[in-house]
Amino acid sequence: MSDRLSSPRTRRMLLALFLFGTAFLVSMQSQMNPFHTTLGSVDSSVFHYVASVIDQGGLPYRDTFDHKGPLLYLINWLGLKLSYYCGAWFLELGILVIWNVLTYRTARLFCPPVSACAVVFVSVGALLTCFFGGNFPEVYALPCITGAVYIFTDYFLNQKITPLRLMLCGGALAAALMLKPNTIAVWAVFALAVLVQMLFDHDLRSLPRFLGFFLLGAAVVLLPVFAYLLAHGILTDFIHVYFLFNFLYSSAETTDSTVYVLQHFLFQGWAFASLAASVLFAVQEKEHRLFWCTSAAFVALSVLFCSVSGNTYTYYPISMVPCCVVPFANLLRGIRWKERPEALRLLVVTLTAVFALTWAAPAMDALRTLHKTTRELDLGDAHHRAIFELIAERTTPDDRIIVYGNEDAFYFFSHRFAASKYSFQYPIILMDTDIQAEFFRDLDENHPKLIIVQSLWCDDEYIEDFLHTHPEYVLLTDFDDYAVYQYEP
């Protein structure tokens, strides 16, 4: 039995099972999982809705508004083609498996297989603290960030670099930019470190080759994206929304102070531990000093980039999770488990504590979900289900509706479309008076069959004024958390 377990083939199979199993456990926390599909988070519902608009021939940034990158909508559209409600889950699972493999490969640059699996275990535990239902651009950027960490680390520690790796690194940067631009900390610090290393080595003649292959990889990703934007005449819309509006979004008065947000993200246990360990190695490690200083800068800049929006949303730290890999792998470097049984025991105790803190509840949730005998769509509480019934009874698929507030799940799960390009209004109409004016102009022109007002915004002066001046909208029903108005001309 022990001989079979020690065979290379068996070890590879167990490793593959471990990497897939941990990714699957994370994916079971997704609200898109096919075993128990729910309405999804506010942001995830917006991405689903944009994909459904694209599927019907509409265009992002022009026919529907959201301020994320085009690759995010492409992923959700591909998921829509696989399965309307849960297709993106299969893509997300695949991306999580790739991320796990890259995390393991990066850790193996420092430590043996058992230790590398421990690093994966810790990294996945960190992700579970902020996954929040998944389908976020930060999740899809994880393989890009971790792949870049692997390539840069292997270059600095082992001087290993190839044209293919340079292209992959450039393509990963382009993909991250087209998902969410504040996920690019690893390239910002390590690209500068590569230039410094070349100066130290008096090897600047290699720079054109490095830069050429890197830019070629970036072009492979960016050219199709910009060709699509140009061919459909929405490049200007994209630039306005993705760059100008996002700048406005990050500097709006509705956001928290940068210092407060920095503290919030930094003092998550795993993030602070990663930064502390990285700074320690930058001070103590005499060999590869530039690499360790850059690694510490990578962790610090990741926290800063995560904080620039001025918001403390639960899922924002996802892009910081790859910062765990290098410092934790280096902590376990050089431990020979057979010669140091006390170290192995300490590792087991530590991982048990990590499991109890971050893994136990998600694991139990996954087991309960898989144990269910029925697989059905969960449309939320009684009020949500009642509104879905009203939409089905009072409208047809050709009718337009509007949800005032921010809950695009009502469009996506009822197969209806918004009467305005601004399917959600908060917080964006607080930031741009032009958006506010255009939204209410759309309502005047398109006459939504139903207006569903979230209770949080029932006393909002804008919607109150609109309903007061448009008596053709009659109150149909009023729940504690929603009021529904029907258009009766």
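Bear in mind that the values here come from a model prediction, so they are computed numbers and not experimental data. Residue numbers count from 1 along this sequence.
Here the side chain of Ser278 pairs a donor or acceptor atom with the backbone of Ser274 at under 3.5 angstrom. The backbone N or O of Ser52 sits nowhere less than 3.5 Å from a side-chain atom of Gln56 that would complete a donor-acceptor pair. Under the 3.5 Å distance criterion, the side-chain polar atoms of Tyr49 are matched with a main-chain donor or acceptor of Ala418. Panel note: side chain Thr153, backbone Tyr150; no donor-acceptor pair is recorded below 3.5 Å. A donor-acceptor contact shorter than 3.5 Å is absent between the side chain of Trp292 and the backbone of Lys286. For the pair Asn76 (side chain) and Leu72 (backbone), a donor-acceptor distance under 3.5 Å is present.
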Using the side chain to side chain contact (heavy atoms under 4.5 Å, CB included) rule, take Phe152 and Thr106 through it: C-alpha gap first, then chi angles, then the decisive distance, then the call. CA-CA 10 Å; Phe152 284 122; Thr106 305; over 6 Å; no
Working for side chain to side chain contact (heavy atoms under 4.5 Å, CB included), residues Phe238 and Tyr228: CA-CA 11 Å; Phe238 164 72; Tyr228 170 83; over 6 Å; no
Between Lys160 and Tyr155, does a side chain to side chain contact (heavy atoms under 4.5 Å, CB included) hold up when you go through it step by step? CA-CA 5 Å; Lys160 186 173 181 180; Tyr155 169 74; over 6 Å; no
Give the C-alpha distance, both sets of side-chain angles, the deciding distance and a yes or no for side chain to side chain contact (heavy atoms under 4.5 Å, CB included) between Ile95 and Leu142. CA-CA 8 Å; Ile95 284 170; Leu142 281 175; 5.5 Å; no
Show your reasoning for whether side-chain hydrogen bond (donor to acceptor under 3.5 Å, both in side chains) applies to Asp66 and Tyr61. CA-CA 6 Å; Asp66 189 40; Tyr61 311 113; over 6 Å; no
Stepwise side-chain hydrogen bond (donor to acceptor under 3.5 Å, both in side chains) check, Asn135 with Ser44: CA-CA 6 Å; Asn135 194 36; Ser44 179; 2.9 Å; yes
Given Asp43 and Tyr315, is the side-chain hydrogen bond (donor to acceptor under 3.5 Å, both in side chains) satisfied, shown in steps? CA-CA 10 Å; Asp43 285 16; Tyr315 64 89; 2.3 Å; yes
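If you check the side chains of Ser30 and Trp89, you find no donor sitting under 3.5 Å from an acceptor. Using a 3.5 Å distance cut-off with no hydrogens or angles, the side chains of Asn100 and Thr22 do pair a donor with an acceptor.
Considering CZ of Phe213 and CG of Leu168, their distance stands at 12.0 Å, rounded to 0.5 Å. We find the CG-CG distance between Leu91 and Leu96 to be 11.0 Å, quoted to the nearest 0.5 Å. The structure places CD of Glu92 at 4.0 Å from CE of Met32, a figure rounded to the nearest 0.5 Å. Between Asp237 atom CG and Leu59 atom CG the span is 8.5 Å, to the nearest 0.5 Å. Here the CG atom belonging to Asn246 is positioned 6.0 Å from the NE2 atom belonging to His67, to the nearest 0.5 angstrom. Separation of atoms OG (Ser307) and CG (Leu266) is listed at 8.5 Å; rounding is to 0.5 Å.
The two atoms that bring Cys130 and Pro317 nearest to each other are SG-C, 4.1 Å, heavy atoms only. A pairwise comparison of heavy atoms in Phe110 and Val326 identifies CZ-CG1, 3.8 Å as the closest pair. When all heavy atoms of Phe281 and Pro327 are compared, the closest pair comes out as CE1-O, 3.4 Å. When all heavy atoms of Ser27 and Asn33 are compared, the pair lying nearest together is O-CB, 4.0 Å. In plain terms, the two heavy atoms of Val189 and Thr294 that are nearest each other are O-CG2, 3.6 Å. Taking both residues in full, the closest heavy atoms of Gln425 and Tyr404 are given as OE1-CA, 3.0 Å, listed atom of the first, atom of the second, then distance.
The number of heavy atoms from other shown groups lying within 6.0 Å of OH (Tyr422) is above 12. Gln159 CD: more than 12 foreign heavy atoms inside a 6.0 Å radius.
Within the 6.0 Å centre-distance limit, the rings of Phe245 and Phe65 are counted as a close aromatic pair. Not less than 6.0 angstrom separates the ring centroid of Tyr85 from the ring centroid of His48. Tyr316 and Tyr313 have their aromatic ring centers within a separation under 6.0 angstrom. Checked against a 6.0 Å centroid threshold, the rings of Phe131 and Phe136 do not count as neighbours. A distance of 6.0 Å or more separates the ring centres of Phe121 and Phe18. Taking the six-membered ring for Trp, His384 and Phe410 have ring centres closer than 6.0 Å.
Within the 4.5 Å cutoff, the side chain of Phe424 has no heavy atoms near those of the Val42 side chain. Contact of the Phe298 side chain with the Ile145 side chain is registered, since non-hydrogen atoms from C-beta on lie closer than 4.5 Å. By the 4.5 Å heavy-atom criterion applied to side chains, Ser295 and Val299 are not counted as neighbours. The side-chain heavy atoms of Phe247 and Leu244, taken from C-beta on, include no pair separated by under 4.5 Å. Taking 4.5 Å as the limit, every side-chain heavy atom of Leu275 sits out of range of all side-chain heavy atoms of Val303. The shortest side-chain heavy-atom distance between Phe305 and Thr183 does not fall under the 4.5 Å cut-off. Taking 4.5 Å as the limit, some side-chain heavy atom of Tyr482 sits within range of a side-chain heavy atom of Glu407. Side-chain contact between Leu39 and Phe388 is present, with heavy atoms from C-beta onward closer than 4.5 Å.
Ion pairing of Lys81 with Asp55 is present here, as a side-chain N (NZ or NE/NH1/NH2) and a carboxylate O approach within less than 4.0 Å. Remark: Arg333 engages Glu285 in a salt bridge, criterion side-chain N to carboxylate O under 4.0 Å.
Across Arg165, Arg105, Arg108, a single residue satisfies salt bridge (charged side-chain N to carboxylate O under 4.0 Å, His left out) together with Asp154, and that is Arg165.
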